[in-house]
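Everything numeric in this text was worked out from a predicted model, so none of it was measured.
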Amino acid sequence: EVMSSAADWYRQQLKSSNRAVEYLKGRGLTGEIAKRYALGYAPDGWQGLEAVFGTYSNDEVAKTLLEGGLIIQGEQAEGAPIKRYDRFRDRVMFPIRNPKGQTIGFGGRIINPEDTPKYYNSPETPLFQKGHELYGLFLARRAIRDVGRVLVVEGYMDVVALAQFGIDYAVAALGTATTPFHISKLMRQTDE
């Protein structure tokens, strides 16, 4: 539920960010594709998700957001307050969904070419293990079965860009090498 709420908030933020919308249009994506893949935007602030979940100084809120990989907790100097801040800032957001369609993590892509890293994934969490998940598989399953094959590409943008041109059977391995878990998931969908 927390991940779904975060995804909803990121989607709402995209609507009010001309810069992020222009970036996606510049990459050739339509609003229809952005909607289908539930793309969003993480604003360039340190505690943006407080608008959804409440203050990060609340230890229960912070525990949940830390466990989901949505915030980072800095080192605490003796006597100083704990610093907690959003993991994703000023990035186009790609929700990563499990086979049931539930959001389990995020990938964020920079807009400003001077920022690094270019792509930033959720950390490993109880919900999300990078080596087990494939970006886009939830939406691609029907097309994979219809064409009898799957196309494995490098990243999120590759998947959505191909979908823009009607190639709906692509998935991405989330910046990691293809693992036996990926192959097993793919072989349940098709042999090629």
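- Formation of a donor-acceptor pair under 3.5 Å by the D86 side chain with backbone atoms of R89 is not found in this model.
- In terms of heavy atoms, A140 sits closest to Y169 at CB-CA, 4.2 Å.
- Here CG of L139 is found 9.0 Å from CG of D168. Values are rounded to the nearest 0.5 Å.
- Between G68 and M3, the shortest heavy-atom contact is O-CE, 3.5 Å.
- With a 4.5 Å cut-off on side-chain heavy atoms, V92 and L24 count as touching.
- When atom types are taken as modelled, the side chain of T103 and the backbone of A7 share no donor-acceptor pair closer than 3.5 angstrom.
- Inter-residue side-chain proximity for Q164 and T30 is flagged as met; some heavy-atom pair is nearer than 4.5 Å.
- Between the side chain of K185 and the backbone N or O of H132 there is at least one donor-acceptor pair closer than 3.5 Å.
- Using a 4.5 Å heavy-atom cutoff, the side chains of P123 and T125 are in contact.
- Between the side chains of E22 and N18, no donor-acceptor pair is found at a separation under 3.5 Å.
- Of the residues listed (Y120, Y10, Y41), the one engaging F106 in a ring-ring contact (aromatic ring centres under 6.0 Å, His included) is Y10, and it is the only one.
- In this structure, R97 is not positioned above the aromatic face of F138 in the sense of NZ or CZ being under 6.0 Å from the six-membered ring centre and within 45° of the axis.
- Judged purely by atom type and a 3.5 angstrom limit, T179 uses its side chain to pair as donor or acceptor with the backbone of G131.
- Within the 3.5 Å criterion, the main-chain N or O of Q13 finds a donor-acceptor partner in the side chain of S16.
- Y23 and I110 fall into different hydrophobic clusters, where Ile, Leu, Val, Met, Phe, Trp and Tyr are joined by side-chain heavy atoms under 4.5 Å apart, directly or via other members.
- Here the NZ-CG distance, from K35 to L14, works out to 13.0 Å after rounding to the nearest 0.5 Å.
- Proximity of a side-chain donor or acceptor of T190 to a complementary backbone N or O of L186 within less than 3.5 Å is not detected.
- Side-chain atoms of P43 and W9, non-hydrogen and from C-beta on, do get closer than 4.5 Å to each other.
- Put simply, OH on Y37 and CD on E32 are 11.0 Å apart, with the number rounded to the nearest 0.5 Å.
- The side-chain contact (heavy atoms from CB on, under 4.5 Å) test with I71 is passed by exactly one of W46, Y85, Y56: Y56.
- Using modelled atom types, one side-chain atom of E124 and one backbone atom of K130 make a donor-acceptor pair closer than 3.5 Å.
- A172 is linked by a side-chain contact (heavy atoms from CB on, under 4.5 Å) to Y135, V153, V159, counting only residues two or more places apart in sequence or in another chain.
- Put simply, the side chain of R87 does not reach to within 4.5 Å of the side chain of S122, judged on heavy atoms.
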Self-check item: Residues R141, Q189; criterion side chain to side chain donor-acceptor pair (under 3.5 Å); working and verdict
Solution: CA-CA 7 Å; R141 290 180 306 173; Q189 305 296 319; 5.3 Å; no
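- Looking only at distances, no side-chain donor or acceptor of T55 sits under 3.5 Å from a matching main-chain atom of N58.
- Environment of CD in Q73: crowded, with over 12 heavy atoms of neighbouring residues, nucleotides or ligands closer than 6.0 Å.
- Ionic pairing of E75 and K83 is not present here: no N-O contact between side-chain nitrogen and carboxylate oxygen is shorter than 4.0 angstrom.
- D90 is linked by a salt bridge (charged side-chain N to carboxylate O under 4.0 Å, His left out) to R19, counting only residues two or more places apart in sequence or in another chain.
- A distance of 11.0 Å separates CG of L65 from CD of E60, quoted to the nearest 0.5 Å.
- The two residues N98 and E133 have their closest heavy-atom pair at CA-OE1, 4.3 Å.
- Between L39 and Y156 there is no side-chain heavy-atom pair separated by less than 4.5 Å.
- A 4.5 Å side-chain heavy-atom check between F88 and L49 finds every atom pair outside the cut-off.
- Here the CZ atom belonging to R91 is positioned 7.0 Å from the CG atom belonging to D115, to the nearest 0.5 angstrom.
- By the 4.5 Å heavy-atom criterion applied to side chains, F128 and I96 are counted as neighbours.
- The side-chain tip of R109 does not point at the ring of F94 from less than 6.0 angstrom away and within 45° of straight on.
- Note: E192 CD to M187 CE = 10.5 Å, rounded to the nearest 0.5 Å.
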